[in-house]
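Computed from a predicted model, the values in this text were never measured in an experiment. FYI, the numbering just counts along the sequence from 1.
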Amino acid sequence: MIRKIIILKDLEGIHARNSAKVVMACRKVRALVTLEYGGQTADGGNILEVMSLGARYKDQVAVTVDGERETEILEEIERALNGSK
């Protein structure tokens, strides 16, 4: 299990496009992915939960990955949250 605090660099914060990329990354592997912000926890595989976190530019989101290819998926989620390909 690995955990990382990601500071959002996307000026729009968490929105539909980057939430969809997070979900697609989660579906590639058998791993439990959770995102935490503002006292809320979201399942990384559920787009509505990810979007409902409401994190904005420069907010800190904690991401936990527990399962296969943890480091690779965590890096992909960080790129997705920050608007990178």
Side-chain angles (χ1 to χ4, degrees):
M1 177 172 75
I2 59 174
R3 179 180 171 92
K4 183 174 183 179
I5 304 295
I6 298 172
I7 298 172
L8 298 181
K9 297 175 186 168
D10 189 321
L11 295 175
E12 298 177 32
I14 292 182
H15 51 80
R17 185 174 42 252
N18 61 13
S19 295
K21 289 180 181 180
V22 168
V23 171
M24 288 188 289
C26 293
R27 290 185 179 170
K28 290 181 180 180
V29 294
R30 288 182 177 219
L32 176 61
V33 179
T34 56
L35 290 83
E36 298 174 42
Y37 171 73
Q40 296 181 340
T41 302
D43 174 359
N46 184 317
I47 192 167
L48 294 177
E49 287 187 20
V50 174
M51 288 176 55
S52 72
L53 290 175
R56 299 175 188 256
Y57 176 62
K58 292 192 178 182
D59 284 343
Q60 296 182 10
V61 177
V63 179
T64 305
V65 181
D66 187 12
E68 56 186 50
R69 296 174 28 208
E70 293 172 341
T71 304
E72 177 185 338
I73 295 304
L74 182 61
E75 290 171 359
E76 189 170 343
I77 289 170
E78 183 171 15
R79 286 190 303 272
L81 288 174
N82 287 318
S84 303
K85 293 182 179 181

Enquirer: Atom NZ of Lys4 and atom CD of Glu78: how far apart are they, to the nearest 0.5 Å?
Expert: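 Going from NZ on Lys4 over to CD on Glu78, the span is 3.5 Å.
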Enquirer: Determine whether a donor-acceptor pair (N or O, by modelled atom type, separation under 3.5 Å) exists between the side chain of Glu68 and the backbone of Arg30.
Expert: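 Side chain of Glu68 to backbone of Arg30: a pair is present.
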Enquirer: Check whether Val65 and Ile47 end up in the same hydrophobic cluster, where Ile, Leu, Val, Met, Phe, Trp and Tyr are linked by side-chain heavy atoms less than 4.5 Å apart.
Expert: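 Val65 and Ile47: separate clusters.
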Enquirer: Could you check whether any side-chain heavy atom of Asp10 comes within less than 4.5 Å of a side-chain heavy atom of Tyr57, counting everything from C-beta outward?
Expert: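 Asp10 does not reach Tyr57 side chain to side chain.
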Enquirer: What I'd like to find out is whether the side chain of Ile2 reaches to under 4.5 Å of the side chain of Thr64, using heavy atoms alone.
Expert: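 Contact flag for Ile2/Thr64 side chains = no.
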Enquirer: Report the distance from atom CD1 of Ile14 to atom CG of Leu35, rounding to the nearest 0.5 Å.
Expert: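 Going from CD1 on Ile14 over to CG on Leu35, the span is 6.0 Å.
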Enquirer: Of all the heavy-atom pairs spanning Gly13 and Asn18, show the shortest one and how long it is.
Expert: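 Residues Gly13 and Asn18, closest heavy atoms: O-ND2, 3.0 Å.
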Enquirer: Side-chain contact test, heavy atoms from C-beta onward, threshold under 4.5 Å: evaluate it for Glu49 versus Gln40 and give yes or no.
Expert: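 Glu49 vs Gln40: side chains apart.
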Enquirer: Using a strict 4.0 Å threshold on nitrogen-to-oxygen distance, state whether Arg69 and Glu76 make a salt bridge.
Expert: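 Looking at Glu76 together with Arg69, the answer is no, because their closest N to O distance does not fall below 4.0 Å.
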Enquirer: Under 4.5 Å between any side-chain heavy atoms of Thr34 and Asp43, yes or no?
Expert: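 Contact flag for Thr34/Asp43 side chains = no.
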Enquirer: CZ of Arg56: more than 12 outside heavy atoms within 6.0 angstrom?
Expert: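 Incorrect, the count does not exceed 12.
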Enquirer: Taking all heavy atoms of Tyr37 and all of Val61, pick out the closest pair and write down the distance.
Expert: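 Minimum heavy-atom contact is CB-CG2, 4.3 Å.
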Enquirer: Heavy-atom distance under 4.5 Å between the side chains of Val33 and Ile77, does that happen here?
Expert: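 Yes, side chains in contact.
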Enquirer: If you define the side chain from C-beta out and look only at heavy atoms, does anything of Leu74 sit under 4.5 Å from Val63?
Expert: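 Yes, close enough: below the 4.5 Å cut-off.
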Enquirer: Flag the pair Glu72 and Lys28 as a salt bridge only when some basic side-chain nitrogen lies within less than 4.0 angstrom of an acidic carboxylate oxygen.
Expert: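 So Glu72 does not pair with Lys28 through a salt bridge.
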Enquirer: Between Val23 and Leu81, is there a shared hydrophobic cluster once you connect ILVMFWY residues whose side-chain heavy atoms come closer than 4.5 Å?
Expert: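 In one cluster: no.
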Enquirer: Could you tell me whether the side chain of Leu32 reaches within less than 4.5 Å of the side chain of Met1, counting heavy atoms only?
Expert: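 Not touching, per the 4.5 Å side-chain cut-off.
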Enquirer: Run Ile6 and Asn82 through side-chain contact (heavy atoms from CB on, under 4.5 Å) and show every step you take.
Expert: CA-CA 9 Å; Ile6 298 172; Asn82 287 318; 3.8 Å; yes
Enquirer: If every non-hydrogen atom of Arg3 is compared with every non-hydrogen atom of Ala62, which pair is closest and at what distance?
Expert: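 Nearest pair, atom of Arg3 first, then Ala62: NH2-CB, 3.3 Å.
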Enquirer: If I take atom NZ from residue Lys58 and atom CG from residue Leu8, how far apart are they, to the nearest 0.5 angstrom?
Expert: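 Here the rounded value is 12.0 Å.
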